[in-house]
Amino acid sequence: MIFIRKFLDNINNLTVLKAFFISKKGIILSMFAAGFLASFGFAPYSSFVAILAAYFVLFLLCFNFDTKKQVFLAVLLFFTVQNAVTLYWLNFVMEDFGKLPIFASLAIEILFSFYLALPYAICAVISFMLAKKAKTSAIACFMPISFCLADFIVGYLFTGFPWMYIGNAMQTGPFSSYAPLIGVRGINLLAYIFVGALALTATRRFLYLPVAGIIFVFGILTMGIRFTVDTGSLNVVLVQGNIKPEVKWDPQHVMPSIGKYWNLTEPYVKPNTLIVWSESSIPLYIEESGDLLNDLNTVVNSKSARLITGIQHIDLRTKESFNSMILLGDKTSFSIDNLARYDKKHLVPFGEIVPFEKYLRPLGSIFNFPMSGFSKGEEQQDPFNVFSYNLLPVICYESIFPELVRNEDSAEINGIVMVSNDGWFGQTRGPLEHLAIAKIRALELQKPVLRSTNNGITAIIDAKGTVSASIPANEASVLSAQVTLTKGLTPYARFGNIPFFIMLCIAFCCGFIVRNHHSSNLDENLRSLIRP
């Protein structure tokens with residue numbers, strides 16, 4: 001402890017170094033470095049140590065800033081760099097499919113990263129305004145709360161994009177054990193409080209070190225605790241067709257694509273086996289492919305198997321179209337009117353739905369992706385019943401929204417069947433990041449995830465959030481395994497965000513207590529100076 005005190009004293013005595021880091025140039029350089037380091041918290045690196053270290057630097061520097069302008073600039077730069085590096089795969093989507101030149105795609109990606117960072121910068125300034133001159137309360141309480149508020153904003157504003165939550169980087173390590181307790185939002189809050197407490201400890205405020213220690217140690221002690229129980233096993237076959245997105249919707253390639261999926265599948269059509277094809281693996285409407293679906297239903301039903309596949313559905317009355325999943329083989333005869341179907345509820349902006357399409361579509365192919373005119377499915381939809389097990393359907397983009405998946409969970413749900421395309425990512429880190437978020441969903445609910453994608457990464461994730469088997473990206477293959485299903489509810493599944501909101505209220509009250517205590521100490525010190 002004496003050594004630590006001397007080390008920290010030496011750091012605080014380096015006034016020249018401190019002056020550099022609070023200068024405009026120092027803020028820019030340090031936040032670029034910290035934001036870049038934070039990107040290593042996300043897949044494929046998935047280093048929770050790296051992202052915690054990066055946020056520690058951010059909180060520590062914010063404590064040493066003298067003005068709210070410095071706080072705003074630092075937080076804005078940090079999150080913009082973190083987002084721009086981690087979401088670099090967006091450039092592939094815009095260049096390859098949107099046909100944008102590289103300078104235009106980079107400009108849009110940086111602008112989008114800036115947009116995602118702006119709520120954090122604004123909320124950080126608000127936290128320092130609440131703290132007044134007591135920066136300790138800002139770092140310990142108000143800034144973690146403000147970042148959680150920013151998490152909500154980026155998760156819901158304009159349909160939301162909760163891809164970059166710090167909790168999504170906590171697939172391993174002590175913080176992962178909080179997922180079934182308080183969900184990813186709770187992890188976000190605890191991670192912010194943790195790095196805030198460490199930052200204050202680095203300023204010789206050792207009172208806050210036990211806070212960080214308790215969070216870390218409790219996470220270690222609760223690792224491996226199960227709230228759900230095993231309820232049986234299911235033979236599963238996940239098929240990855242690796243169909244190129246640019247030809248998938250071409251009418252000339254529709255039947256060859258379906259044929260490729262069937263050729264991969266046919267050897268595995270066996271009794272008591274669930275086969276899962278990817279999102280839009282049948283690039284047709286249900287209403288125009290009755291004969292095909294009838295044949296598939298007949299074959300899998302005759303072998304006592306089941307097939308879940310991605311497809312499209314159109315309401316002939318309203319002419320609305322939907323991105324859907326259907327279950328085949330559960331009935332002896334196929335009927336559109338009696339088909340187990342799930343319609344996607346949360347659509348990808350500019351990919352499946354185009355805001356202000358009347359004005360944007362004429363601007364170019366970036367706003368004219370194939371099948372980008374879907375409608376939202378109903379909020380309440382039934383799970384798929386497969387061999388007496390209930391599977392919760394999730395399509396692609398929906399997996400990144402914690403409340404959407406959690407709200408459909410129940411004690412009777414035995415697993416999650418998740419289909420995706422992911423061909424839009426190309427050979428980037430995007431598919432790995434998407435898979436990592438799916439692992440968080442498995443951890444939160446302690447239910448296995450059966451994830452079938454068009455070209456990667458198809459995987460089976462167990463109830464502990466571990467990938468037990470997978471198919472690499474850009475490879476046509478089949479994944480066959482026996483999956484252990486579960487039943488029951490985790491505390492997060494049972495109570496949702498209620499514990500998280502209680503934690504926010506406690507942190508908010510503690511912030512005012514710390515702030516008022518700070519003010520009382522200043523008053524007492526001032527009085528002691530003027531006493532005769």
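Distance NE2/H346 to CD1/I395: 13.0 Å, rounded to 0.5 Å. In this structure, the separation between OG on S113 and CG on L76 is 11.0 Å, given to the nearest 0.5 Å. Atom-to-atom distance recorded for T231:OG1 and I413:CD1 is 12.0 Å, nearest 0.5 angstrom. With values rounded to the nearest 0.5 angstrom, R451 atom CZ is found 12.5 Å from L479 atom CG. To the nearest 0.5 Å, the span separating CD on Q312 from CD1 on I286 amounts to 8.5 Å. The distance from the CG atom of N263 to the CD1 atom of I258 is 12.0 Å, given to the nearest 0.5 Å.
Within 6.0 Å of atom OH in Y45, 12 or fewer heavy atoms from other residues, nucleotides or ligands are found, so the atom counts as exposed in its surroundings. Summarising the local packing, CD of Q252 is surrounded by 12 or fewer heavy atoms from other residues, nucleotides or ligands at distances under 6.0 Å. The local environment of CZ in F152 is crowded, with over 12 non-hydrogen atoms from other residues, nucleotides or ligands closer than 6.0 Å. Residue-environment remark: CZ (F32) stays at or below the threshold of 12 foreign heavy atoms within 6.0 Å. In K464, the NZ atom is not crowded: 12 or fewer heavy atoms of neighbouring residues, nucleotides or ligands sit closer than 6.0 Å. The 12-atom threshold is not exceeded at CD of Q427, counting heavy atoms of other residues, nucleotides or ligands nearer than 6.0 Å.
Closest of all the heavy-atom pairs between D409 and K447 is OD1-NZ, 2.8 Å. Nearest approach of L87 to W163, heavy atoms of both residues: CD2-CD1, 3.7 Å. Across every non-hydrogen atom of G173 and M223, the tightest pair is O-CE, 3.9 Å. The nearest pair of heavy atoms linking A169 to G41 is CB-O, 3.1 Å. Minimum interatomic distance between K331 and N301 (heavy atoms only, all atoms of both residues): O-ND2, 3.4 Å. Across all their heavy atoms, K345 and E379 have their closest contact at NZ-O, 3.0 Å.
Side chains of Y261 and N454: a donor-acceptor N/O pair is present below 3.5 angstrom, by distance only. A donor-acceptor pair shorter than 3.5 Å can be found between the side chains of S281 and T309. Remark: the E444 side chain and the T490 side chain contain no N/O donor-acceptor pair separated by less than 3.5 Å. For the residue pair R429 / H434, no side-chain donor-acceptor distance below 3.5 Å is found, with atom types taken as modelled. One side chain, T265 or W277, offers a donor N or O that lies under 3.5 Å from an acceptor on the other. Counting only N and O atoms by type, the side chains of N390 and N414 include no donor and acceptor under 3.5 Å apart. Between the side chains of N272 and N235, no donor N or O sits under 3.5 Å from an acceptor N or O. N91 and S105 share a side-chain donor-acceptor pair at under 3.5 Å. In this model, no donor atom of one side chain and acceptor atom of the other lie less than 3.5 Å apart for T453 and D422. Using modelled atom types, one finds no donor on one side chain facing an acceptor on the other under 3.5 Å when comparing D343 with Q381. In this structure, a donor-acceptor pair under 3.5 Å is present between the side chains of E403 and N497.
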Could you give me the CA-CA distance, side-chain angles and deciding distance for Y389 and F384, then say whether ring pair (Phe, Tyr, Trp, His ring centres under 6.0 Å) is met?
CA-CA 8 Å; Y389 294 117; F384 288 145; over 10 Å; no

Between N323 and E279, is a side-chain hydrogen bond (donor to acceptor under 3.5 Å, both in side chains) present by the stated rule, with each step listed?
CA-CA 8 Å; N323 188 356; E279 177 187 14; 2.7 Å; yes

Show the numbers, then the answer: is there a side-chain contact (heavy atoms from CB on, under 4.5 Å) between F334 and I336?
CA-CA 7 Å; F334 172 78; I336 293 178; 3.9 Å; yes

Please assess E433 against F425 for the test side-chain contact (heavy atoms from CB on, under 4.5 Å), listing each intermediate value before the final yes or no.
CA-CA 10 Å; E433 292 175 8; F425 294 115; over 6 Å; no

Step by step, work out the ring pair (Phe, Tyr, Trp, His ring centres under 6.0 Å) result for F147 and Y120.
CA-CA 6 Å; F147 278 6; Y120 292 91; 5.7 Å; yes

L234/Q482 under side-chain contact (heavy atoms from CB on, under 4.5 Å): CA gap, chis, key distance, verdict:
CA-CA 5 Å; L234 179 64; Q482 189 173 69; over 6 Å; no

Could you go step by step and tell me if T486 and R226 meet the side-chain contact (heavy atoms from CB on, under 4.5 Å) rule?
CA-CA 10 Å; T486 63; R226 287 286 303 275; 3.5 Å; yes

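Counting only distance, with no hydrogens or angles, the side chain of S177 and the backbone of G219 share a donor-acceptor pair below 3.5 Å. A donor-acceptor pair under 3.5 Å is formed between the side chain of K260 and the backbone N or O of G241. With hydrogens and angles disregarded, a donor-acceptor distance shorter than 3.5 Å links the side chain of Q446 to the backbone of I225. Side chain of S47 to main chain of A50: a donor-acceptor pair is present (N/O by atom type, distance under 3.5 Å, no hydrogens or angles). Under a 3.5 Å cut-off, the side chain of S278 and the backbone N or O of Q240 do not form any donor-acceptor pair. Remark: the backbone N or O of S468 is not paired with any side-chain donor or acceptor of T466 at under 3.5 angstrom. Between the side chain of S289 and the backbone N or O of Y285 there is at least one donor-acceptor pair closer than 3.5 Å. Listed for the R306 side chain is no donor-acceptor partner under 3.5 Å among the backbone atoms of V386.
A 4.5 Å side-chain heavy-atom check between K344 and C396 finds at least one atom pair inside the cut-off. Inter-residue side-chain proximity for I282 and L292 is flagged as met; some heavy-atom pair is nearer than 4.5 Å. Contact of the W262 side chain with the V299 side chain is registered, since non-hydrogen atoms from C-beta on lie closer than 4.5 Å. Under the 4.5 Å side-chain criterion, counting only non-hydrogen atoms from C-beta, L190 is not in contact with F500. Within the 4.5 Å cutoff, no side-chain heavy atoms of V348 are placed close to those of T159. By the 4.5 Å heavy-atom criterion applied to side chains, H313 and S321 are not counted as neighbours. Residues I471 and I457 fail the side-chain proximity criterion, which asks for heavy atoms closer than 4.5 Å. In this structure, Y342 and V394 have side chains that are not in contact, with every pair of non-hydrogen atoms separated by 4.5 Å or more.
Between F79 and Y55, the ring center distance clears the sub-6.0 Å criterion. A distance of 6.0 Å or more separates the ring centres of F227 and Y492. Between Y397 and F401, the distance from one ring center to the other falls under 6.0 angstrom. Between F322 and F374, the ring centre distance reaches or exceeds 6.0 Å.
Remark: of the listed residues L391, V405, V449, I461, V449 is the sole one forming a side chain to side chain contact (heavy atoms under 4.5 Å, CB included) with M418.
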